[in-house]
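In what follows, a single structure is set out as structure tokens and then discussed.
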2 protein chains.
Amino acid sequence: MATKEIDKVFKALAHPGRRELLDRLHAKNGQTLGELCAGLAMARQSVTQHLGLLEEVNMISVNWHGREKRHYFNPVPIHMIYERWIRKFDRQRLDALHNLTGKLEGAEP
Amino acid sequence: MATKEIDKVFKALAHPGRRELLDRLHAKNGQTLGELCAGLAMARQSVTQHLGLLEEVNMISVNWHGREKRHYFNPVPIHMIYERWIRKFDRQRLDALHNLTGKLEGAEP
DNA sequence: CCTTAATGCAGGTCTATACCTGCATGTTTG
DNA sequence: CAAACATGCAGGTATAGACCTGCATTAAGG
């Protein structure tokens, strides 16, 4: 099963630095290691380590252009987490939202 | 800000044992420590520790009945995580789903 | 009451991991 | 080709946290 994979994704999300990196990539895809380091209170090597972990769990993918390593955000794992974990804890709210949407659509014209 | 709180919730979710506990409480609310321990490959004291952490970040709440401590699942923090973190990474998919739903509804009759 | 049951509290160990420094490798460009 | 640049690789330390054992405390029930 992918239960071990899910665990790794959760663990990857459990660090503010890694979430920040994901956030930055989501805002601007394809950034290099150097770009991602700028402004972070961490040594480059630490960032490399975090990016390595994120790559390992497929939350980012990588593309080499000469001496530059470009990073790209991959939404699949985080969506998997949502689908298999978050959604069921939230069903009541989602159902409520769905009903509300239905009523609004019905009252539209 | 609640950024530190969010971090704690992510960290709380980053452990399979704690996720299992949340899962069990979600399935059957109000269980005691003893009940929750049953079948878990952990000492009672470890479970106490995990429950303490979950309580600290408000993912569960507690109610004493005599010598029994009953635990209740609280969906708010996990929903907060979804709202502030997961949803934005998933907007494309959600939009796609929304469009699909609209088309299906249009093609219904 | 006195026994049994449910839990709390106080350490102690051991592994994971976050972070760093220092040096090596490969790529661009004048 | 040589200097400057982007990154990799190899350790080393230190803190967090997951887990345990042992004993104390409070409640229930005969």
Side-chain angles (χ1 to χ4, degrees), chain A residues 3-25 28-73 77, chain B residues 3-25 28-73 77:
Chain A
T3 169
K4 196 149 193 173
E5 211 179 325
I6 295 236
D7 187 53
K8 285 188 177 181
V9 178
F10 270 117
K11 287 203 163 73
L13 283 169
H15 192 282
R18 285 192 289 266
R19 290 200 301 276
E20 164 107 31
L21 288 169
L22 290 176
D23 224 0
R24 289 200 186 191
L25 279 184
K28 185 188 170 198
N29 227 357
Q31 291 184 76
T32 75
L33 172 59
E35 282 180 276
L36 288 169
C37 283
L40 285 189
M42 257 190 293
R44 174 180 56 85
Q45 286 84 344
S46 304
V47 178
T48 298
Q49 209 169 319
H50 288 305
L51 289 173
L53 205 158
L54 290 171
E55 193 185 340
E56 204 173 283
V57 299
N58 275 315
M59 300 188 81
I60 63 180
S61 52
V62 165
N63 220 314
W64 279 93
H65 277 245
R67 63 182 169 181
E68 285 184 348
K69 190 185 190 183
R70 303 196 181 152
H71 301 79
Y72 299 88
F73 174 72
Chain B
T3 169
K4 197 148 193 176
E5 211 179 323
I6 295 236
D7 187 52
K8 285 187 177 181
V9 178
F10 269 118
K11 287 203 162 74
L13 283 169
H15 192 280
R18 286 192 289 267
R19 292 198 301 276
E20 165 106 32
L21 287 169
L22 289 176
D23 225 359
R24 289 200 186 190
L25 278 184
K28 185 189 170 198
N29 228 356
Q31 292 184 76
T32 77
L33 173 59
E35 282 181 276
L36 288 169
C37 283
L40 285 188
M42 255 190 293
R44 175 180 56 85
Q45 286 84 343
S46 305
V47 177
T48 297
Q49 209 169 319
H50 288 305
L51 289 173
L53 205 157
L54 290 171
E55 193 185 339
E56 204 173 285
V57 300
N58 275 316
M59 300 185 83
I60 63 180
S61 51
V62 164
N63 220 314
W64 279 94
H65 277 246
R67 63 181 171 181
E68 285 184 346
K69 190 184 190 183
R70 301 195 182 151
H71 301 78
Y72 298 88
F73 175 71

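Chain A is the first sequence line, chain B the second, and so forth, proteins listed ahead of strands; every chain is numbered from 1.
The two residues A:Asn29 and A:Phe73 come nearest to each other via the heavy atoms OD1-N, 2.9 Å.
Atom-to-atom, CH2 of B:Trp64 to C1' of C:dA5 comes out at 12 Å; the value is rounded to the nearest Å. Protein atom NZ of B:Lys69 is 15 Å distant from nucleotide atom P of D:dT26, rounded to whole Å. At whole-Å resolution of the value, CG in A:Leu21 and P in C:dA18 are 12 Å apart. Between A:Glu68 atom CD and D:dG8 atom C1' there is a gap of 16 Å when expressed in whole angstrom units. Straight-line distance from the CD atom of B:Glu35 to the P atom of C:dA6: 10 Å, rounded to whole Å. Look at CG on A:Leu33: it is 12 Å from C1' on D:dC5, rounded to the nearest Å. Put simply, NE2 on B:His65 is 13 Å from P on C:dT7, counting in whole angstrom units. Protein atom CD of A:Glu56 is 13 Å distant from nucleotide atom C1' of C:dT17, rounded to whole Å.
Between the CG atom in A:Leu54 and the NE2 atom in A:His71 there is a gap of 9.0 Å [rounded to 0.5 Å].
One can find a donor-acceptor pair under 3.5 Å joining the base of C:dA5 and the side-chain atoms of B:Arg67.
Enclosure of atom NZ in B:Lys11 by more than 12 non-hydrogen atoms of other residues, nucleotides or ligands within 6.0 angstrom is indicated.
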Review point. Would B:Leu40 and B:Leu21 count as a side chain to side chain contact (heavy atoms under 4.5 Å, CB included) if you check the C-alpha gap in whole Å, the side-chain angles of each, and the deciding distance to 0.1 Å?
Key: CA-CA 9 Å; B:Leu40 285 188; B:Leu21 287 169; 3.8 Å; yes

Protein-proximity profile, nucleotides 16-22 of chain D, B/S/- by nucleotide at the 4.0 Å heavy-atom cutoff, equals --BBBBB

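The shortest side-chain heavy-atom distance between B:Glu35 and B:Lys28 falls under the 4.5 Å cut-off.
Regarding contacts with the backbone of C:dC9, every side-chain N or O of B:Thr48 stays at 4.0 angstrom or more from both OP1 and OP2.
Checking side-chain atoms of A:Gln31 against main-chain N and O of A:Arg24 turns up a donor-acceptor pair under 3.5 Å.
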